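Predicted, not measured: the structure shown is a model, and the values here were computed from it. One-based numbering, in listed order, for ligands and for the atoms of each.
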Amino acid sequence: AEKGRSIIEAAEANGIYIPHLCYMKKLRSVGSCRVCTVKVNGRNMAACTTPVAEGMIVENDTEELNDQRRAILEMLFAEGNHFCPSCERSGSCELQALAYRLNIMAPRFPYMFPLRKLDATHKKIFIDGNRCIQCGRCVRAASELDHKEILGFIGRSGQVRVKASSSKGLAGVDISPDDECVKACPVGSIIVKETAYRVPIGKRQYDTTPIGADVEAGKG
Ligand code: FES
């Protein structure tokens, strides 16, 4: 591993996939979802924010860690309204793809069925709070890659949501379908209108190739 790299970057450079959600190449790592948790010399650490160091022993693909990952993903499924079969991101959603990879059958937690808002004020883009997992990738991508302070978090605790930084909602901000913040959403929360089913369900990225397979094939 090269000095200065995080565990996740070093692993990917060596063909090892560490499951993750809030981490994204090109963005500052924040270590918020904890899906990438690995054991470093026996202690749980976030692989996306922990730099490599001499003598580290890292465990990744163990039943204990994978069950912790399953629990986190199950909480995300239970806490929102995901309804995969009717979601436009089905087959290209990282949350769904991770659930398949880690063999989740049904969440161990009760569904909460929250009432969440949709912002469909923009002509071309909408944000569906029902599917937001608060990974913050869109907020960081808007700021760090698009250089636009147009998205942010509001609320506290279980009520935290992504919101456009205008009282008019998305209609009041400078956002377009080509922006990195739109592409950064790993789930079906930020969707470009009038693009549904351009790629048929069954033929999408994770319908044909499991998440992480590109990294394991040395192409990540
Ligand atoms: Fe590392 Fe989310 S991917 S904490």
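Heavy-atom proximity to His20, at under 4.0 Å, picks out these atoms of ligand 1: 3 (S). Near Leu21, with a cut-off below 4.0 Å to any heavy atom, the atoms of ligand 1 are 3 (S). For ligand 1, the atoms sitting less than 4.0 Å from at least one non-hydrogen atom of Ser32 are 4 (S), numbered in the order shown with element in parentheses. Each of the atoms 4 (S) of ligand 1 lies under 4.0 Å from some heavy atom of Gly31. Which parts of ligand 1 touch Cys33 is read off a 4.0 Å heavy-atom cut-off, strictly below it: atoms 2 (Fe), 3 (S), 4 (S).
With hydrogens and angles left out, the side-chain atoms of Arg89 and Ser92 include a donor and acceptor closer than 3.5 Å. Counting only N and O atoms by type, the side chains of Ser90 and Gln96 include a donor and acceptor under 3.5 Å apart.
Looking only at distances, no side-chain donor or acceptor of Thr121 sits under 3.5 Å from a matching main-chain atom of Gly169. In terms of modelled atom types and a separation under 3.5 Å, the side chain of His122 and the main chain of Lys124 share a donor-acceptor contact. The closest donor-acceptor contact from the side chain of Asn130 to the backbone of Lys117 lies at 3.5 Å or more, if one exists at all.
With a heavy-atom cut-off of 4.0 Å, Thr49 does not touch ligand 1 at all.
At a cut-off of 2.8 Å, Cys135 is not counted among the residues with an N, O or S atom near atom 2 (Fe) of ligand 1.
Scanning the protein heavy atoms around atom 4 (S) of ligand 1, the nearest turns out to be Arg34 N, 3.1 Å.
Angle subtended at atom 1 (Fe) of ligand 1 by Cys48 SG and Cys36 SG: 110°, rounded to 10 degrees.
The minimum heavy-atom distance between Asp207 and Gly202, with the atom names listed, is OD2-N, 2.8 Å.
Between Lys193 and Glu88 there is no salt bridge, since none of the side-chain N atoms of the basic residue sits less than 4.0 Å from a carboxylate O of the acidic one.
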